[in-house]
There are 4 protein chains.
Amino acid sequence: MPRAVRERQMLDAAVRSFARHGYQTASMDEIAELAGVSKPLVYLYLNSKEELFTACIRREAEALLAAVAAGVEGRELPPDERLWAGLLAFFTYAAEHPDSWVVLSRQARTQGEPFATEASRMREEIAVYVAGLIGEAAREAHGAATITERDVTALAQALVGSAESLATWANETPGVTAKEAAATLMNFAWAGLGNLMKSERWSPR
Amino acid sequence: MPRAVRERQMLDAAVRSFARHGYQTASMDEIAELAGVSKPLVYLYLNSKEELFTACIRREAEALLAAVAAGVEGRELPPDERLWAGLLAFFTYAAEHPDSWVVLSRQARTQGEPFATEASRMREEIAVYVAGLIGEAAREAHGAATITERDVTALAQALVGSAESLATWANETPGVTAKEAAATLMNFAWAGLGNLMKSERWSPR
Amino acid sequence: MPRAVRERQMLDAAVRSFARHGYQTASMDEIAELAGVSKPLVYLYLNSKEELFTACIRREAEALLAAVAAGVEGRELPPDERLWAGLLAFFTYAAEHPDSWVVLSRQARTQGEPFATEASRMREEIAVYVAGLIGEAAREAHGAATITERDVTALAQALVGSAESLATWANETPGVTAKEAAATLMNFAWAGLGNLMKSERWSPR
Amino acid sequence: MPRAVRERQMLDAAVRSFARHGYQTASMDEIAELAGVSKPLVYLYLNSKEELFTACIRREAEALLAAVAAGVEGRELPPDERLWAGLLAFFTYAAEHPDSWVVLSRQARTQGEPFATEASRMREEIAVYVAGLIGEAAREAHGAATITERDVTALAQALVGSAESLATWANETPGVTAKEAAATLMNFAWAGLGNLMKSERWSPR
DNA sequence: AATGAATGAGTGTTCATTCAT
DNA sequence: TATGAATGAACACTCATTCAT
């Protein structure tokens, strides 16, 4: 069996195992068995548990980013439609690849270095991308805005957090579709950001 | 030394250790040493690593809920002020008890069963509370329910996710205060919620 | 069982195992079993295979040096008798502790760093000591001698090699006593060195 | 490429690897790579690591014996000159083939059966040859045997041990030539032997 | 004549857990 | 109430060895 195919099988098995048990608890034995190969082969191809996990994170992150990009690109759309398409693609990917999503959103970020950094890279990329979309859309919709760099970063964090939370919730709650989750976030973010751009801020008292 | 005091020491040590190393990597040896007792005593009081971790989650979850409740209760406030008070209390607690927050938000949720369930309980309790606030605000603003139960739940999930993400970001970013994090979310969320309740929804096409 | 006793048992077992199988082939499993304890205990007391082996080398080296010293010291003897006593003690120790001797002479020196250094220390100590004895004896017997520092070092190497070879041969050949081996070396070294001191050198042609 | 050539390449690589890392630590992977062939080919030609090591020992032992024999044979010489020629040839070979010498003197003898036996065979052959020389010299010097067979054997062991020790020392000490090592041993040994043969023995008391 | 692909068996090491006191 | 001493079970990782081609 050609090397590339075997390697894909192993990564599939590893993603599944890491998603279910977490990095520490997942055992190389189980991963090998799940992949239908012997343990030494896993080591021959992927060198160590750490590298295997890193490879998983990278592959899944790229797949997720590619899915979102594919949902948005190639069509001439107004900004709000672009945002919508991106969110939909994101929630659809998360729904269709729950293990992938668990590895990226949960496991990768909690295993300390060097995984957290690897996962952060993707998170940051998404945050920047989505924030860009939203900003663009908001600007177009509401004109120039007074909003600091710090605010943008904080908002991106809030947004990505919402998305993660909604994606997980959607995956765990029967009957909730990706479309529904995307719509919730779209409304939440779109309207909220719109007001912010119009400087209609809430303040205590 | 009375049992209650010893037990508190152990839980303190355990929370710290679990926060720093994660459930799997934290060792009973280190926890015992950190608590200043012998390992058998930890087992005598808390039976097993699993029960110890569960006890940590429970104690910290209760503390967090209590902190939020204390911030909100006892004063007659309009829904938005109640939400603000809750958010402020939440971010303040997370900032003042970073280990506790790490255990609850990161570690507990990534270690599979039975811990995830334990952590979800608290999260759900918060989500329900927030959903209540949203519903109340919606009713107050527009009388009849212009928003479905399902929508409220979804929004609550989004809000809680934002809050979690922001709390972690605030803890990890020097110079970000609890108040600032709360304000960011409040602006983001309340404005978005406001629009939603006015039925100004975004929809594709 | 007190720690000191246990530790001695483990070292005994390890010396035996290392002597029989060599450093690499000896397994911690076997050593633990031979010592009548569980493997974790071996690690608790001696940390690693490497440290265990080092501890063996050190203990056996000290025992050998002590045995030789005990054979020589405490009595007022002429130099040749001192040499004789030392050689006898050395061969006796090697005969009575064959595993110890194998570990010191064979295993320790062939496992690369850091063991070789550890073993060399002892070898050097013995070489210097024995060379000193011989030199002293020879000087007394034959007067001042013309022999360079380099020659002394080379001779010490030759001497120690002879002793090692004879000790191993004596251990492996039934019926050869320590006394006989010591006598062979004494004659070989004593006479040979005597002639050297008298500058009666052999040269080709 | 003809089989004989390939096989030589493999043995060369193996000797080098065994000398550097020892039998256990040397890996078939490295040996195959060093020989510039694939691992299965090594197995096709040499069957197993054990047989490969044995083949190395045998080839190197024969080479060493041949070198010594070539140094001595073909000329009619008195025993002392024969010994000198043999020693010179021996030290020269060891200096020029350090890996070979390490394998024979260190590695082969420390890896337990069946290698030790294999190495002993060569050592014994040398010892017997040396013993023959000694015996011959004794007879020539004094006619009848003033020295027992057992004594001769013991002396041969001592001499061989000295030679081994000196050869290793010479290889590891920069600036020491084969001739110098041979001279040291010759002086040491021959003088000592001379005295022995004149029955000038040292004895205790 | 030669190899890319694959594995069974074993190693050192760790850790949650429990006696005996 | 408290612990020093001890272990069963597992895990990451390696390596000599063999098919199938």
Side-chain angles (χ1 to χ4, degrees), chain A residues 1-3 5-7 10 23-32 35-53, chain B residues 1-3 5-7 23-32 36-53, chain C residues 1-3 5-7 23-32 35-53, chain D residues 1-3 5-7 23-32 35-53:
Chain A
M1 187 164 302
R3 177 166 181 142
V5 177
R6 275 272 189 255
E7 205 165 312
M10 290 177 196
Y23 175 66
Q24 296 284 350
T25 311
S27 92
M28 294 299 270
D29 269 302
E30 194 201 279
I31 291 170
V37 298
S38 69
K39 221 187 341 173
L41 202 59
V42 180
Y43 278 90
L44 190 63
Y45 284 13
L46 289 140
N47 302 319
S48 70
K49 196 183 190 183
E50 194 172 313
E51 281 191 37
L52 173 56
F53 193 40
Chain B
M1 190 165 298
R3 173 159 186 151
V5 176
R6 274 269 191 256
E7 209 166 307
Y23 174 65
Q24 293 289 342
T25 310
S27 87
M28 295 298 270
D29 266 302
E30 193 199 284
I31 291 170
V37 298
S38 72
K39 231 182 337 173
L41 200 59
V42 179
Y43 278 89
L44 189 64
Y45 283 10
L46 289 140
N47 303 316
S48 72
K49 197 185 189 184
E50 196 172 313
E51 282 191 36
L52 173 56
F53 191 40
Chain C
M1 188 164 301
R3 179 168 180 141
V5 177
R6 275 272 189 252
E7 207 164 311
Y23 175 65
Q24 297 283 350
T25 312
S27 90
M28 295 298 271
D29 268 302
E30 195 201 278
I31 291 170
V37 298
S38 69
K39 223 182 346 170
L41 201 60
V42 179
Y43 277 88
L44 189 64
Y45 283 13
L46 289 139
N47 303 318
S48 70
K49 197 184 188 182
E50 194 171 315
E51 281 191 38
L52 172 57
F53 192 40
Chain D
M1 188 162 301
R3 173 160 185 153
V5 177
R6 275 267 191 259
E7 210 166 307
Y23 175 66
Q24 294 289 340
T25 311
S27 87
M28 294 299 270
D29 267 301
E30 193 200 284
I31 291 170
V37 297
S38 73
K39 231 184 335 174
L41 200 60
V42 179
Y43 279 87
L44 190 63
Y45 283 9
L46 289 142
N47 304 315
S48 72
K49 196 185 190 184
E50 195 172 314
E51 282 190 37
L52 172 57
F53 191 39

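Lettering of chains follows the sequences in order, A, B, ..., and the numbering in each one begins at 1. In this text the structure is predicted, and so the values were computed from the model without any measurement.
- Proximity of D/Y45 to the phosphate of E/dA1: no side-chain N or O atom is located under 4.0 Å from OP1 or OP2.
- Comparing C/P2 and A/S27, the nucleotide of DNA chain F nearest to each residue sits closer to the 5' end for C/P2.
- A straight line from CG of A/L46 to P of E/dA6 spans 13 Å, rounded to a whole angstrom.
- One atom, CD of D/Q24, and another, C1' of F/dT14, lie 13 Å apart when rounded to the nearest Å.
- Contacts of A/S38 classified as side chain to side chain donor-acceptor pair (under 3.5 Å), with partners at least two apart in sequence or in another chain: none.
- Between C/K49 and A/R3, the residue anchored closer to the 5' end of DNA chain E is A/R3, taking for each the nucleotide with the nearest heavy atom.
- Taking five base pairs at each end of the helix from E/dA2-F/dT21 to E/dT21-F/dA2 and finding the rotation axis that steps the C1' atoms of four pairs onto the next four gives two axes whose angle is 30°, to the nearest 10°.
- Residues passing the salt bridge (Lys or Arg N to Asp or Glu O under 4.0 Å) test with B/E7, sequence neighbours excluded: B/R3.
- One interatomic measurement links the two molecules: CG of A/N47 to P of F/dT14, which rounds to 9 Å at whole-angstrom precision.
- Place C/L44 and A/E50 on DNA chain F by their nearest nucleotides, and C/L44 ends up nearer the 5' end.
- Whole-Å rounding puts the C/M28 CE to F/dA12 P distance at 20 Å.
- When the P atom of F/dC11 is taken as reference, atom OH of A/Y23 falls 14 Å away, rounded to whole Å.
- Using a 4.0 Å heavy-atom cutoff across all strands shown, A/A26 reaches sugar-phosphate atoms only and no base atom.
- In this structure, C/D29 atom CG and F/dT7 atom P are separated by 13 Å, rounded to whole Å.
- Considering only residues two or more places apart in sequence or on other chains, C/E30 meets the side chain to side chain contact (heavy atoms under 4.5 Å, CB included) condition with C/S17, C/H21, C/S27, C/L34.
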Can I get a per-line list of side-chain donor-acceptor pairs under 3.5 Å for residues 40-48 of chain B, giving both atom names and the distance, sequence neighbours left out?
{"from": "B/N47", "atom 1": "ND2", "to": "B/E51", "atom 2": "OE1", "distance (Å)": "2.8"}
{"from": "B/S48", "atom 1": "OG", "to": "B/E50", "atom 2": "N", "distance (Å)": "3.4"}
{"from": "B/S48", "atom 1": "OG", "to": "B/E51", "atom 2": "N", "distance (Å)": "3.1"}

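- Expressed to the nearest 0.5 Å, how far CE of A/M10 lies from CE of A/M28 amounts to 9.5 Å.
- Nearest heavy-atom pair across B/Q24 and B/K49 is O-NZ, 3.2 Å.
- At whole-Å resolution of the value, CD in A/E30 and P in F/dA10 are 14 Å apart.
- Atom CD1 of C/I31 and atom P of E/dT13 are 11 Å apart (whole Å).
- Looking at residues two or more places apart in sequence or on another chain, you find a salt bridge (Lys or Arg N to Asp or Glu O under 4.0 Å) between D/K39 and D/D29.
- For DNA chain F, the neighbouring residues in residues 35-43 of chain C, judged by any heavy atom under 4.0 Å, are C/V37, C/S38, C/P40, C/L41.
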